[in-house]
There are 2 protein chains.
Amino acid sequence: MGTAASGRSKAESPSKGDRTRESILRVAVDLASVEGLEGLTIGRLADELSMSKSGLFAHFGSKEDLQLATVAAAREIFAEHVLRPALTVEAGVPRLWALCENWIQYIEGKVFKGGCFFAAASFEFDSRSGPVRDAIAAAMKEWLGALTRAVDVAIREKHLKASIDSHQFALEIYSLPIGAHCGFQLLEDKKALKHIRTSILARIQSVATATCPQVKIRR
Amino acid sequence: MGTAASGRSKAESPSKGDRTRESILRVAVDLASVEGLEGLTIGRLADELSMSKSGLFAHFGSKEDLQLATVAAAREIFAEHVLRPALTVEAGVPRLWALCENWIQYIEGKVFKGGCFFAAASFEFDSRSGPVRDAIAAAMKEWLGALTRAVDVAIREKHLKASIDSHQFALEIYSLPIGAHCGFQLLEDKKALKHIRTSILARIQSVATATCPQVKIRR
DNA sequence: CCTACCGATCGGTAGG
DNA sequence: CCTACCGATCGGTAGG
């Protein structure tokens, strides 16, 4: 996957071209989170980086390639901030809650300039077709899958009641922060993130067993 | 508000210009729900309507005016499908539930070609500024406000426990269908809408009093 | 990585 | 409501 600009394959030190590409994508991700993936134009991106359009374009074969590379870069940033830190947390409800907390902090901390890259991209491409839409859908499925797995594990660990439907429950946990994002970013409701933290925690506790470890809102 | 193209004010029959404007906006709303409000270009819209760019443009002073008129038209359609039908339903939990059901049916019935116009517009404009963003935010505040009012009325009618925070509860009810929209439209999860119906109903019932009227999923 | 360029389309205007 | 046009920007290419 990716355009594999350089021929290197092992963990050699990145070439200058690789580093340029990386710095382009870091800016692209921020720009796309504000302007959208379609509004991410090669001209504006080149301007922002003080380089020529064609110089930038040499790193990507087409606009679609640039979009795909931007989605991949955003996915890596999401994994770094939300998914991977949760894997170090105790399996079961503590890990499920860590995923939620990480997601909310990643919004609160404005990891992307324009709020959640994937929330924006999801709604921008949800009625289109093609490779970019597929890449976004794959990323969201990964996230929903991670939540579902965390719920399943929490059931297996007897932290959550076995009677719940893990798919349905995961979809709830998936939905609440998206709504909070909307409240926070568009409606400028300063309480939205706090409210949704409370809602998710209460929802988890409503289906927790007596042997479930305590979880609480991070301070 | 609006560009008020004609000088008529009362309920006279709409002029030919008014009717043209209306038919333009019906197409604009569908196009914007797919391509986004920024991707709604005057050229594409004129093509779709088999009229000239400048002929179409004569109805609006600028692209921003076209976007504002499109938001207003979408708002009217939303009110017609979701808000107004709920006002005929018994106040309290039945009305709250009707708002949710109407929203989900409006997604299921593909009232807009590309899914919910406002979900797309919200995430497209949530990190911009200007009149278009403000119009979208106002529409979403109206919707969240309608939900909050319905919750407050349900508390007053003693359908819901007085201990709940109506703002927080409304934000939950607001969030769940947005997540379901994502599952339905992007992830093509056919169970998403059914799951979220069940989730919302269960959530309402979890804070219902003994005197709350029965509500159930419409068939 | 650059300059210099391509045809197409953008939002918008003049004039009828 | 139209034709005919404007400068700016789009994605992309040639050639170095």
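Each chain gets a letter, A, B and so on, in the order the sequences are listed, and its residues count up from 1.
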The side chain of [X] is closest to which nucleotide in this list: [options]?
X: A:Met51; options: C:dC2, D:dG11, D:dC2; answer: C:dC2
X: A:Ser62; options: D:dC10, D:dG12, C:dC1; answer: D:dG12
X: A:Lys63; options: C:dC2, D:dG11, C:dT13; answer: D:dG11
X: A:Ser52; options: C:dC2, C:dC1, D:dG11; answer: C:dC2

From CA spacing to verdict: salt bridge (charged side-chain N to carboxylate O under 4.0 Å, His left out), A:Glu172, B:Arg203: CA-CA 11 Å; A:Glu172 274 184 54; B:Arg203 185 69 185 101; over 6 Å; no
Check this for me, if you would: do A:Arg197 and A:Glu108 make a salt bridge, where the nitrogen-to-carboxylate-oxygen distance has to be below 4.0 angstrom? yes
Regarding B:Glu48 and B:Arg44, does a basic nitrogen lie under 4.0 Å from an acidic carboxylate oxygen? yes
Figure out the [atom1]/[atom2] separation between [X] and [N], and round it to whole Å.
X: B:Arg44; N: C:dC10; atom1: CZ; atom2: C1'; answer: 14 Å
X: A:Leu31; N: D:dC10; atom1: CG; atom2: P; answer: 11 Å
X: B:Leu66; N: C:dG12; atom1: CG; atom2: C1'; answer: 13 Å
X: A:Leu45; N: D:dC10; atom1: CG; atom2: P; answer: 11 Å
X: A:Phe60; N: D:dT13; atom1: CZ; atom2: P; answer: 15 Å
X: A:Arg21; N: C:dC1; atom1: CZ; atom2: P; answer: 12 Å
X: B:Glu38; N: C:dT9; atom1: CD; atom2: C1'; answer: 15 Å
X: A:Phe57; N: C:dT3; atom1: CZ; atom2: P; answer: 17 Å

Go through B:Arg133 and B:Glu124 one step at a time and tell me if the salt bridge (charged side-chain N to carboxylate O under 4.0 Å, His left out) criterion holds. CA-CA 9 Å; B:Arg133 176 226 162 86; B:Glu124 185 180 1; over 6 Å; no
By nearest-heavy-atom nucleotide on DNA chain D, the more 5' of A:Thr41 and A:Ser54 is A:Thr41
Between B:Arg128 and B:Glu38, is the salt bridge (charged side-chain N to carboxylate O under 4.0 Å, His left out) condition met? List the steps. CA-CA 12 Å; B:Arg128 301 186 189 206; B:Glu38 212 57 63; 2.9 Å; yes
Whether B:His59 side chain and B:Thr20 backbone form a donor-acceptor pair below 3.5 Å: no
Treat a base pair as Watson-Crick or G-U wobble with both distances under 3.5 Å, then lay out DNA chain C in dot-bracket form, 5' to 3', with | for cross-strand pairs. ||||||||||||||||
Is the NZ or CZ atom of B:Arg75 positioned over B:Phe78's six-membered ring, under 6.0 angstrom from the centre and within 45° of the axis? no
Is B:Lys53 side chain donor-acceptor paired with the C:dG11 base, going by distance under 3.5 Å alone? yes
